[in-house]
Trainee: 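What follows is a single structure, and I will ask about it in a moment.
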Amino acid sequence: MELSQEIRDKYQPVIGLEVHAQMLTKSKAYSNDKNEYGSMPNSNVSAITLGHPGTLPMMNTKTIDYAIKMGIACGSNITPIQHFARKNYFYPDLPKGYQITQDDTPICTGGTVLIKDDNGKDKTIQLTRIHMEEDAGKSIHDIDPFNTLIDLNRAGVPLIEIVSEPDIRSSQEAYNYVTEIRKLVRYLEICDGNMEEGSLRCDANISVMLKGSDTYGVRVEVKNMNSIRNVQRAIEHEITRHIIAIENGEKLYQETRNFNALKGTTSAMRSKEAANDYRFFPEPDLQPIEVTPAKIESLKAEMPPLPNELINKYVNDLKLSEYDALILTDQKEIALYFEEIIRHTKNYKAAANWLMGDIKSYLNTNASKITEFPIEPKEIAGLIGLIDEQKISHNLATQKVFPEMLKTGKSALIVAESNDWIQNNDESEIKAIIAEVLAENKEEADRYKAGEKKLIGFLMGQIMKKSKGKADPKSASKLINEMI
Ligand code: ADP
Ligand code: MG
C-alpha cells in the first residue's frame with residue numbers, strides 16, 4: 001500500500017531513544033582486562049570476564065566518573081547512593097549469564113538534551129535516566145559458513161545507557177538528538193562516539209498515534225543501526241509500516257526488530273521481554289557506591305566548556321551569528337582553538353572567519369586536524385592585529401602572509417617585516433610620494449581634476465608603484481583627493 005501524504009499527516013510519530021555509549025576507560029568495568037577495540041579476538045578475556053566460579057568483580061570507578069560527567073552535562077540528578085543489580089539472561093556471548101547493571105538506582109535521573117526541531121527551533125528532550133552496564137561479547141555469523149564464532153573481548157566493557165523520554169517527534173529530531181549526544185560524549189572525552197565501530201549504539205522505540213491523541217500507540221524497538229543516518233532511516237521505515245498497518249486494521253505488537261541497512265527495512269527479532277523476565281536482583285559482590293557533593297564538584301572542575309555554553313557565549317557575548325557559533329562548536333578541538341585565538345584578540349568575527357575560512361580549507365586540503373595545525377592560535381590573533389592596525393591589507397594577509405606563516409612557522413609580524421610587506425601609513429611620506437606622482441603626471445592630474453574620474457586608477461597605480469606597494473591604499477586615495 002502506498003502511503004499518501006494526506007494519510008501520513010493524520011498521524012503523530014512518537015520516538016524514545018536508548019543510546020549506549022562505550023566508555024573510553026583503559027580497562028573493563030569489573031576487571032583489569034584491557035578495554036580495546038580491534039585486539040586479537042578473545043585476547044582480553046580473564047576468568048573474571050568469563051564469570052568463572054569464585055571470581056569477584058571489582059568496580060572500575062572511572063566508569064562511574066564518566067557517567068556522572070554525562071549527567072552533569074545534561075543537568076541530571078546524580079544518585080547519591082548507587083547499588084548494582086544483576087540482569088539475568090541466557091545468551092552465548094554472555095558467559096556469566098547475567099550483566100551487572102543498575103536497576104532502581106541509575107547513576108543519573110532526569111536531565112535534558114537540547115536539540116533543533118524540524119524547523120530549526122530549539123527543543124528540549126527530557127531524559128529518563130542514565131545508568132551503567134557492561135557490554136556483552138560479540139557473536140560473529142558471517143566468517144564461518146557453518147558456525148557462529150564468539151569474540152569475548154567486548155564482554156565486560158563499560159557502557160552507559162542514556163534513555164530518553166518519548167519526546168522525539170520525527171526521524172529528523174532523532175537524528176539531531178543522537179548527533180547532539182555524540183557531540184557531548186566527545187566533548188567530555190568519555191566515548192569516541194564511533195557508531196561504525198559500535199562504540200555508540202542506539203535503539204529506537206517508535207510508535208504512532210492519531211494527531212491530537214494523548215494515548216501513545218504500541219511501540220517497537222529497533223536495533224542494529226550503525227550510523228546516525230541509519231537511525232533516521234529505520235525510524236522512517238517504522239513510521240510508514242505502523243501507519244499502513246493501522247490503516248489496514250492490522251494489530252501491532254510490542255516487539256524488538258532488526259534493521260537491515262542494505263534494504264532499509266526491519267524484521268521481527270523477538271517479542272518484547274518484560275522487566276521481570278530478567279529477574280533483577282542486587283549484585284552481592286559489589287559494594288554500593290556513594291557519590292558525595294564534593295566528588296561531583298571535583299568532576300565538574302575537570303569538565304571542558306560544553307558546546308551549549310560556548311554557543312551562548314559566542315552569540316550573546318561575542319555577538320557572533322548562531323550559524324557561526326554552531327560551526328565553531330561542532331568539534332571540541334576547533335572550539336578550543338577558537339577560544340585560544342580570542343584570548344589574544346577582541347576581533348571575534350575575524351577570528352571566526354579565519355578559522356572557518358582559510359584555516360578550515362587548509363585542513364580540508366591537507367586532510368589534517370586542527371590539533372596538527374602548524375600555526376599557534378596566538379599567531380592567528382597576531383595576523384588579525386596586523387590587518388586591524390592596517391599594517392597589511394586583508395588580501396596580502398590571505399595571499400602572502402598566511403601561506404608564508406604556514407611555511408616558515410614565523411609570526412605574521414616577522415613574516416611581513418622580513419618581506420618588506422608592512423604598509424606605509426606615514427601620511428607625510430605618502431604625501432611626498434603623491435606630490436611626486438602629481439608632478440610627474442601633470443597632464444593626467446589635470447584631466448582627473450577636470451572630471452575624468454577613471455584616471456584615479458592610473459594615479460593610484462603610480463603611487464603604489466612608487467611606494468613599492470606599501471602605501472595604504474585607503475589613506476592614499478583620501479590624500480590624493482585632498483591634494484589635487
Ligand atoms: P525497555 O527495557 O523496554 O527497553 P526502557 O525503559 O529501557 O525500556 O526504554 C523504553 C524506551 O521507550 C524509552 O526511551 C521511552 O522513551 C520509549 N517509549 C516508551 N513508550 C513509548 C511509545 N509508546 N512510543 C515510543 N517510544 C516509547
Ligand atoms: Mg530497551
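In each ligand, atom 1 is the first atom listed, and ligand 1 is the first ligand listed.
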Trainee: Is it the side chain, the backbone, both or neither of D167 that has a heavy atom closer than 4.0 Å to ligand 1?
Mentor: neither
Trainee: Quick check: closest heavy atoms across P374 and L406, and the distance to 0.1 Å?
Mentor: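 Closest heavy-atom pair between P374 and L406: CG-CD2, 3.6 Å.
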Trainee: Considering only heavy atoms, does N205 approach ligand 1 within less than 4.0 Å through its side chain, its backbone, both, or neither?
Mentor: both
Trainee: Any N or O of P166 that comes nearer than 3.5 Å to an N or O of ligand 1?
Mentor: yes
Trainee: Looking at V14, which atoms of ligand 1 are within less than 4.0 Å of one of its heavy atoms?
Mentor: 24 (N), 25 (C)
Trainee: Does any pair with a residue in residues 176-188 pass side chain to side chain donor-acceptor pair (under 3.5 Å), and if so which ones, sequence neighbours excluded?
Mentor: Q172-N176
Trainee: With side-chain hydrogen bond (donor to acceptor under 3.5 Å, both in side chains) as the test, would you mind laying out the steps for S39 and N153 before giving the verdict?
Mentor: CA-CA 8 Å; S39 307; N153 281 347; 4.7 Å; no
Trainee: Quick one: does T128 get an N or O within less than 3.5 Å of an N or O on ligand 1?
Mentor: no
Trainee: With a 6.0 Å cut-off on the ring centroids, do F338 and Y314 count as close?
Mentor: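 Yes, the ring centres sit under 6.0 Å apart.
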Trainee: With K300, which residues qualify under salt bridge (charged side-chain N to carboxylate O under 4.0 Å, His left out), at least two apart?
Mentor: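 K300 satisfies salt bridge (charged side-chain N to carboxylate O under 4.0 Å, His left out) with E297 only.
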Trainee: With atoms numbered from 1 as shown, which atoms in ligand 1 lie under 4.0 angstrom from a non-hydrogen atom of G217?
Mentor: 23 (N)
Trainee: Check the pair R8 / E236 against salt bridge (charged side-chain N to carboxylate O under 4.0 Å, His left out), numbers first and verdict last.
Mentor: CA-CA 11 Å; R8 179 180 290 267; E236 269 314 309; 3.5 Å; yes
Trainee: List ligand 1 atoms under 4.0 Å from Y216, heavy atoms only on the residue side.
Mentor: 23 (N)
Trainee: Indicate, as side chain, backbone, both or neither, the part of E165 found under 4.0 angstrom from ligand 1 when only non-hydrogen atoms are considered.
Mentor: backbone
Trainee: Can the positive tip of K251 be found less than 6.0 Å from the middle of the six-membered ring of Y253, inside 45° of the ring normal?
Mentor: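 So K251 does make the cation-pi contact.
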Trainee: Rounded to the nearest 0.5 Å, what's the gap from NE2 on H83 to CD on Q102? Could you check?
Mentor: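 Spacing of NE2 (H83) from CD (Q102) equals 9.0 Å.
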Trainee: Is the contact between R129 and ligand 1 made by the side chain, the backbone, both, or neither, using heavy atoms and a 4.0 Å cut-off?
Mentor: side chain
Trainee: Heavy-atom contacts with V163 under 4.0 Å: which atoms of ligand 1 show up? List them by number with element.
Mentor: 9 (O), 13 (C), 14 (O)
Trainee: Which atoms of ligand 1 sit under 4.0 Å from any heavy atom of E18?
Mentor: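 Listed by number with element: 4 (O), 7 (O), 9 (O), 11 (C).
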Trainee: Using heavy-atom distances only, which candidate in P13, G16, S164, S207 approaches atom 22 (C) of ligand 1 most closely?
Mentor: S207
